[in-house]
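As structure tokens, the structure follows; a few thoughts come after it.
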Amino acid sequence: MSETSPILELQRQRMLLEIEYYTEKEAFRRQTESRGLMRSIKRGDAWFPLRVGKSYYNSLNQLCIEVHRTSDQDIEHNFEFGRPVQFFKAILNAVSTPKGSLVPKGKDSSFSYYNFSGTVSYVDGDRMVVAVPDSAPIVELQNFNSETSSIEGTRMLGVQLSFDETSYRTMFDALERVMRARNNRLAELRELFYGATKTVPGTYTFQPVSFPWLNPTQERAVNEVLRAKDVAIVHGPPGTGKTTTLVEAIVETLHREPQVLVCAQSNMAVDWISERLVDRGVNVLRIGNPTRVNDKMLSFTYERRFEAHPDYELLWSIRKAIRDLRQHRKRGSENWHQKMERLKSRAAEIEIRINAELFGEARVIASTLVGSANRLLEGQKYNTLFIDEAAQALEAACWIPIRRVRRVVLAGDHCQLPPTVKSLAALKAGLGRTLMERLVEVHPEAVTLLGVQYRMNEEIMRFSSDWFYDGKVISAPQVKHRGILDYDIPIEWISPTEPESPSEPVSHEEFVGESFGRINKKEAEQTLEILRQYFTKIGKSRILEERVDVGVISPYRAQVQYLRSQIKRDAFFKPYRSLISVNTVDGFQGQERDVILISLVRSNDEGQIGFLRDLRRMNVAITRARMKLIILGDPNTMTRHPFYRKLYEYVEALHEAQ
């Protein structure tokens, strides 16, 4: 392999990322124009109408406004920290239902965007805080509160997600930095990670450290992390305690280093590992706001720590004086500039001092991969970077924090969900191939597989272990035979029921719009009937006393929405609603339930299964269940693919052996 190949490969990565950027931007534009407001609301990409609350300056000196969603509050939304948004005003031909939802009457009319954009600061249920420019027309936005949303044709205010330019700019910048790197640590890591030299990753030599509370593969993984000079990979199949192992590796690393950087692709993954570290008594400084807004999570965020500093009150008063001075500038005033410069200089001095103390006290700096480009981290260097869920992150995103460190530890599972790539051309050309996958291939000696799982009954786990992990994952003794009912077979595949009369429709998929996916109503009804029967077998009192929780999974969002609506309408499920979660495969990543039902949806004469051909997605779905897994799908459609044929045969063999 030639020495220039890493640069060529990085240039190729940049080209593929550009294709993805333009594809996503164009798709967003088309969807925004053609989808209509009601569709955006139903997909969770817009809140309309809004009630605007108070405005204030936060600890980062950003102007913020609170907004409240006043209708469609049962729809799960996609707003989260850091996402860009746009406000709009509309005169909508719609009426309000008794539940507060808007039902369109004809087409949207007089629909226009404000010429400023905002950024989500945090979201808590139906309340959101948005950071906006100082020039934003706050008073005008707040005046919309006097309008009513039930009268046809009324002026109303809304907010919707806008295209995220910032993340792409940050990833492009990271790739440029890696390509330009010369005679420094970043250049060395680039050459090593692309296998441009024959060098294997360096290691230290010492006697292994004993961790009696970990299993042998977890203990080995922690020791391999401690020994690594350049890179270590913790490969964690479902239920094998990847987070437990990673937390132990971080805590042990902190016995040797003053501070480490911990990143993940999503805010939720950063929150999860941060919370586990805080439980271990580690001082975590979270850059960016958490997904779940509660006191425990907020207590280790940068903003909350900054506001709690003894000098913050003085800084706030100086910032207020600066804003007042700007608003009341007197013409011809000779000393205005001098006053302004003195106040700015004093504010900067206090801010630098507070930051120095906060970063000096913290042992772990935690952020998303893109969030590691935050100006607060400018100039910061660390010895070790831990990247959790590394198999779900685009390679360009991983390079953002790598430029700040000397060695990298990646944890994840490249046999589970891959990164989201919208462009089919970019995906086929390799954009979805992650840095973790590259390193597993180039440097297998750096990989440690966690081989004992603590989640699933042995018969649920065995198929996944054999197909994806060469049979190397085994069940811990305490979960091997776990189950809910005596003599129950832990995994079932249920085929569509035949109609009782020729006039009844056969279970068949329907296509419901370009961006809304597929739906199979008969299969959804059967899914609920199977769950109803299983709940009846277990018994109401036992379900409620033991909190038997259930996950209903479908790969298609339309099916998820339909299943949710049916469960809400069904009086039988009313006592159990808090125990039932319905979501897509992606929505269940990292989660587990006692009982899992999977509605595969696809049922057609051609045997087409679409993106269900991505078997990593199915690996996630079937490994969420602790004790019972029920798959609902049309074998005639699904078993034309070798994976689903093998899975179907595996389940059939279990039943024959019973």
Side-chain angles (χ1 to χ4, degrees), residues 189 193 201 211 214-228 230-254 257 260-277 280 282 284 364-369 372 382-395 397-402 405 407-419 434-455 468-469 472-473 589-591 616 619-620 623:
L189 291 175
F193 289 3
F211 301 97
L214 300 180
N215 70 48
T217 59
Q218 292 172 331
E219 186 176 278
R220 179 169 168 257
V222 174
N223 276 287
E224 291 302 314
V225 167
L226 298 177
R227 288 194 184 102
D230 305 307
V231 63
I233 298 167
V234 180
H235 182 189
T240 54
K242 172 182 63 68
T243 304
T244 299
T245 307
L246 195 59
V247 166
E248 202 62 55
I250 292 168
V251 170
E252 199 60 30
T253 301
L254 289 171
E257 298 172 18
V260 298
L261 181 59
V262 176
C263 295
Q265 169 67 17
S266 69
N267 279 297
M268 194 174 290
V270 179
D271 293 345
W272 178 234
I273 196 158
S274 296
E275 200 167 352
R276 295 287 298 274
L277 287 164
R280 290 290 297 272
V282 177
V284 175
V364 169
I365 308 300
S367 76
T368 60
L369 294 165
S372 68
Y382 307 90
N383 190 60
T384 306
L385 163 67
F386 291 87
I387 302 179
D388 194 13
E389 303 293 5
Q392 285 185 267
L394 290 174
E395 181 173 335
C398 290
W399 284 111
I400 299 167
I402 289 175
V405 304
R407 70 180 194 125
V408 184
V409 178
L410 300 104
D413 181 11
H414 50 286
C415 301
Q416 292 190 62
L417 287 180
T434 63
L435 184 62
M436 180 171 169
E437 284 178 275
R438 182 186 302 283
L439 285 165
V440 167
E441 188 180 303
V442 176
H443 295 297
E445 66 279 359
V447 182
T448 308
L449 176 75
L450 303 180
V452 182
Q453 69 87 19
Y454 298 88
R455 176 184 298 163
F468 294 99
Y469 308 104
K472 291 177 181 174
V473 180
Q589 172 80 353
Q591 299 186 41
R616 292 173 293 185
N619 187 30
V620 172
T623 56

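Throughout, numbering of the chain's residues begins at 1 and tracks the sequence. A quick note: this is a predicted structure, and the numbers were derived from the prediction, not measured.
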Is there a side chain to side chain contact (heavy atoms under 4.5 Å, CB included) between V251 and V282? Walk through the geometry before answering.
CA-CA 8 Å; V251 170; V282 177; 4.1 Å; yes
Strictly by modelled atom types, are T384 and E257 linked by a side-chain donor-acceptor pair under 3.5 Å?
yes
Sub-4.5 Å side-chain heavy-atom contact between V262 and I250
yes
If the test is side-chain contact (heavy atoms from CB on, under 4.5 Å), which one of V284, L385, L261 qualifies with I365?
L261
Quickly, which of I402, I233, D230 forms a side-chain contact (heavy atoms from CB on, under 4.5 Å) with V408? Name it, please.
I402
Side-chain touch L450/T245, heavy atoms, less than 4.5 angstrom
yes
If I take atom CZ from residue R616 and atom CZ from residue F468, how far apart are they, to the nearest 0.5 angstrom?
9.5 Å
Do the non-hydrogen side-chain atoms of T368 and Q265 ever get within less than 4.5 Å of each other?
no
Is the Y469-H235 ring centre distance short of 6.0 angstrom?
yes
Stepwise, does the side chain to side chain contact (heavy atoms under 4.5 Å, CB included) test hold for E252 with F211?
CA-CA 10 Å; E252 199 60 30; F211 301 97; 3.5 Å; yes
Could you tell me if the side chain of P238 sits less than 4.5 Å from the side chain of D413, heavy atoms only?
yes
Minimal non-hydrogen separation, E445 against P201, with atom names:
OE2-CD, 3.0 Å
Minimum heavy-atom separation for A269 to S266, with atom names?
N-OG, 3.1 Å
Minimum heavy-atom separation for F193 to R438, with atom names?
O-CD, 3.6 Å
In Å and rounded to the nearest 0.5 Å, what is the CD to OG1 distance from E248 to T253?
10.0 Å
Which value, rounded to the nearest 0.5 Å, describes the distance between L410 atom CG and C398 atom SG?
6.5 Å
Donor-acceptor pairs under 3.5 Å, side chain of residues 386-394 to any protein atom, not counting sequence neighbours: which ones?
residue	atom	partner	partner atom	Å
D388	OD1	K242	NZ	2.7
Q392	OE1	Q589	NE2	3.1

If you define the side chain from C-beta out and look only at heavy atoms, does anything of L254 sit under 4.5 Å from V260?
yes
Any chance you could measure E275, atom CD, to R280, atom CZ, to the nearest 0.5 Å?
14.5 Å
Going through the checks in order, is the side chain to side chain contact (heavy atoms under 4.5 Å, CB included) test met by T448 and E224?
CA-CA 8 Å; T448 308; E224 291 302 314; 3.5 Å; yes
I need the minimum non-hydrogen distance between V473 and P237, along with the two atoms involved.
CG2-CG, 3.7 Å
From E441 CD over to M436 CE, what is the distance, rounded to the nearest 0.5 angstrom?
13.0 Å
Can you name the closest pair of heavy atoms from A397 and L369 and give their distance?
O-CB, 3.6 Å
Between A366 and V270, which heavy-atom pair has the shortest distance, and what is it?
CB-CG1, 4.0 Å
Does the side chain of V231 come within less than 4.5 Å of L439's, by heavy atoms?
yes
Between R276 and T243 (side chain of the first, backbone of the second, donor and acceptor by atom type, cut-off under 3.5 Å), is there such a pair?
no
Is it true that the side chains of T240 and R455 contain a donor and an acceptor less than 3.5 Å apart?
no
